[in-house]
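To start, the structure itself, in C-alpha cells.
Values in this document were obtained by computation on a predicted structure and should not be read as measured data.
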Amino acid sequence: MTLDRRAFIGTTAAAAATLAAPMVRAQGRPRVVVVGGGCGGATAARYIAKDSEGAIDVTLIEPTRTYYTCFFSNLYIGGFQEMDDLGHGYGTLAADYGINVVHDWVTAVDRDARSVTLASGGALPYDRLVVSPGIDFVEGSVPGWSVADQDAMPHAYKGGTQAELLKAQVMAMPEGGRYAMVAPPNPYRCPPGPYERVSMVAHALSQVNPTAKILIVDPKAKFSKQALFEEGWQKHYSGMIERIGPDFGGDKVEVDPAAMTVSIDGMVEKVDACNVIPAQKAGRIAHQAGLTEGNWAPVEPDSMRSKKDPNVWVLGDATSQGDMPKSGFSANSQAKVAAMAIRGELTGSAVFPARYSNTCWSLIATEDGVKVGASYEPTEEKIASVSSFISDTGEDAALRRQTYEESLGWYSGITSDMFG
C-alpha cells in the first residue's frame, strides 16, 4: 500500500494556535479526549475532527511537541534517514482541523467522572475517551536491566533520543568490537523491528568497522520474516551476525550494564555496545485507568472499544485484539475504525463494517527491502486475518528496490494521514 505524498507544514502561527487552543472550548458539542499522539492517537483525533466537520470538540493530549516515529528509526541507525526526517509536529492538527492540542502528561483517568487529570494540575472532561499510549516495559524481564540502565544499554524502542544514543554507541565501538542485542519475547512492538535493526547495525558497521561482530540473544525459537533476514544476512553481512536462540540459552540471559557483559545460560560475554529490548506491556495510563487484563488492554474487535468501559476506545500497541501485529500501520488502521464508531455514536452518522489492514516493511541492505502484511476482519472473538502476503526469498534486485521505494511512499503517506 502506497499513500500519496502530502506537504506537512508547521509554522510559528500554527504552533501558537496549538498552545492557545486548549484554553478555548466550544459549548454544547460532545467532547472527545485522545491520550497519545502517535499513529493511533493522532490519526483518531484528525479523523474525528475532520469527518465530523466541527460537530465534535476534539482534544489531543501528547507530552512531546515533536513526535519522532519509531518506524524508520532503524533506517536512521543504518544511515538511510536523518533524525530530523523522523520528527513531526502538531501545528497542522490545531490550525487546520481545530483540534485542541495539549502538551502534557495524563496522570490519571477517572472513568466514573469521565475526566482525565494532567500533570500540570488541570482536568479535562470527556464524553468519549481514546487511549493510545504505546508500550512500557515489563520490569525484571531481562535480569540485571531496568529503565534506569537505558543510557548504558539502550532499548531504543521509543522514538527519539534512544535511537540517537544507540547509533552513537555502535559507531563508537572499537575495531573488531561486538554489538549485542537482547531480543524481546512475543508479543512486541514492530517497528522498530529487532531483526531489521540488526540489519541496519550490520550495514552501518560494514561501512566503518567491517570486522565487528553482532550477537543476537533471542528467547524465541523463530521470528517474523526469518528466512528473508537470514538470506539477506548471509548475502550482505556474511560471518558478521550470530544468533543464539532458546535451544542454546537465548531464553536464559542476564546483563550487567556497569561491566558491559551479557550472560547466556551462565556463560559471560563481554560486549562493546548492547541493545536490550525487554518484554513489553501496554503503556502505564492504560493500566492506571483499569483498562487492562494482564499486560494488554482487551477491545471489541468490531470497533476497538474497550471491553472494560463502553465510553473508552484503546488503540495500537497497547491492545489485545487478535491477529494484528503491534505496528504503526495497524494502529493507524484501527484508529480509522474507532473514529468512525465514535463519530457515529455522537453525531448519528453512518457506521460501516470494520476492515483492518497492515503491512510491515523491513530494509536489509541498500535498496534490499522486504515486506509482510495481511487484511483483517472482526469476528466475535477477535480481529482475524483473512488474507496475507510475504516477500519471497530469492527475489531479484529490481523487486527488492521497488519494495523499499514503496516503504518510502508509505512513510510519507502515513505521516500525512496522522498529522495533516
Side-chain angles (χ1 to χ4, degrees), residues 17-49 52 55-65 67 90 93-94 97-136 158 281-293 295-300 303-320 331 334-335 338-339 341-343 345-347 418-419:
T18 301
L19 295 175
M23 303 303 295
V24 180
R25 300 197 61 86
Q27 300 297 315
R29 292 185 295 163
R31 296 164 296 197
V32 173
V33 172
V34 181
V35 178
C39 287
T43 304
R46 178 173 173 264
Y47 272 79
I48 293 168
S52 72
I56 299 174
D57 179 19
V58 181
T59 297
L60 174 64
I61 307 172
E62 163 59 42
T64 62
R65 296 181 182 275
Y67 179 84
Y90 295 90
L93 293 182
Y97 298 95
I99 296 170
N100 307 303
V101 181
V102 179
H103 293 298
D104 206 340
W105 291 95
V106 174
T107 58
V109 174
D110 186 334
R111 287 164 40 206
D112 293 329
R114 294 195 197 176
S115 71
V116 298
T117 303
L118 304 178
S120 59
L124 292 173
Y126 66 82
D127 296 297
R128 300 292 185 273
L129 176 66
V130 178
V131 179
S132 189
I135 59 159
D136 277 324
K158 298 182 180 182
K281 62 181 180 179
R284 177 196 57 81
I285 197 64
H287 293 276
Q288 185 280 328
L291 300 173
T292 56
E293 290 179 358
N295 286 337
W296 308 105
V299 294
E300 299 292 346
S303 65
M304 303 301 296
R305 190 196 304 266
S306 169
K307 290 187 175 181
K308 300 292 187 177
D309 189 326
N311 297 308
V312 179
W313 276 252
V314 190
L315 305 176
D317 298 341
T319 62
S320 171
Q334 294 162 9
I342 292 168
R343 181 168 51 89
E345 285 194 0
L346 296 179
T347 69
M418 292 163 61
F419 300 108

Set of side chain to side chain donor-acceptor pair (under 3.5 Å) partners for [X], sequence neighbours left out:
X      : answer
Ser52  : none
Arg111 : Asp309
Tyr47  : Asp417
Thr107 : none

Separation of [Y] [atom2] from [X] [atom1] (nearest 0.5 Å):
X      : Y      : atom1 : atom2 : result
Asn311 : Arg114 : CG    : CZ    : 3.5 Å
Asn295 : Ile135 : CG    : CD1   : 11.5 Å
Asp317 : Gln334 : CG    : CD    : 8.5 Å
Leu346 : Ile56  : CG    : CD1   : 4.5 Å

For [X], all residues meeting side chain to side chain contact (heavy atoms under 4.5 Å, CB included), sequence neighbours excluded:
X      : result
Gln288 : Ala108, Val109, Arg284, Ile285
Ala44  : Val130, Leu315, Ala335
Glu345 : Arg128, Arg305, Trp313

For [X], salt bridge (Lys or Arg N to Asp or Glu O under 4.0 Å) partners two or more places apart:
X      : result
Asp110 : none
Lys281 : none
Asp104 : none

Discussion item. Tell me if a side-chain donor or acceptor on His287 pairs with a main-chain N or O of Ala282 at a distance below 3.5 Å.
Written reply: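 The answer is yes, because a donor-acceptor pair under 3.5 Å joins these two groups.
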
Worksheet item: Any sub-3.5 Å donor-acceptor pair from Lys308's side-chain atoms to Glu293's backbone N or O?
Response: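 A pair under 3.5 Å: no.
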
Discussion item. Please evaluate residues Asp136 and Lys158 with respect to the criterion salt bridge (charged side-chain N to carboxylate O under 4.0 Å, His left out), reporting the C-alpha separation (whole Å), side-chain torsions for both, the decisive distance (0.1 Å), and the verdict.
Written reply: CA-CA 9 Å; Asp136 277 324; Lys158 298 182 180 182; 2.7 Å; yes

Side-chain polar contacts of residues 34-43 - donor-acceptor pairs under 3.5 angstrom, sequence neighbours left out - could you list them?
residue	atom	partner	partner atom	Å
Thr43	OG1	Cys39	O	2.6
Thr43	OG1	Asn332	ND2	3.0

Check [X] against [Y] and note the closest heavy-atom contact, atom names and distance.
X      : Y      : answer
Gly134 : Ala318 : O-CB, 3.7 Å
Ile99  : Ala45  : CD1-O, 3.5 Å
Ala331 : Gly316 : CB-CA, 3.7 Å

Discussion item. Set out, in order, the CA-CA distance, both residues' side-chain angles and the distance that settles side-chain contact (heavy atoms from CB on, under 4.5 Å) for His103 and Thr64, then state yes or no.
Written reply: CA-CA 6 Å; His103 293 298; Thr64 62; 6.0 Å; no

Practice prompt. Say whether Asn100 and Asp57, considering side chains only, have a donor N or O and an acceptor N or O under 3.5 Å apart.
Written response: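 Present: a donor and an acceptor within the cut-off.
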
Worksheet item: Considering the options Val33, Val102, Leu93, which one meets the side chain to side chain contact (heavy atoms under 4.5 Å, CB included) requirement together with Leu60?
Response: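 The option that passes is Leu93.
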
Worksheet entry | Candidate list Ser132, Ser320, Ser306, test side chain to side chain contact (heavy atoms under 4.5 Å, CB included), partner Val314, passing option |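 Per the side chain to side chain contact (heavy atoms under 4.5 Å, CB included) rule, the option paired with Val314 is Ser306, out of Ser132, Ser320, Ser306.
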
Worksheet entry | side-chain contact (heavy atoms from CB on, under 4.5 Å) between Met418 and Arg46, worked out | CA-CA 7 Å; Met418 292 163 61; Arg46 178 173 173 264; over 6 Å; no

Practice prompt. Show your working on side-chain contact (heavy atoms from CB on, under 4.5 Å) between Val32 and Leu129 and close with a plain yes or no.
Written response: CA-CA 6 Å; Val32 173; Leu129 176 66; over 6 Å; no

Discussion item. Would you say that Val106 contacts Thr117 through its side chain, given a criterion of any heavy-atom pair below 4.5 Å between the two side chains?
Written reply: no

Worksheet entry | Verdict with reasoning, Tyr90 to Arg65, per side-chain contact (heavy atoms from CB on, under 4.5 Å) | CA-CA 7 Å; Tyr90 295 90; Arg65 296 181 182 275; 5.9 Å; no

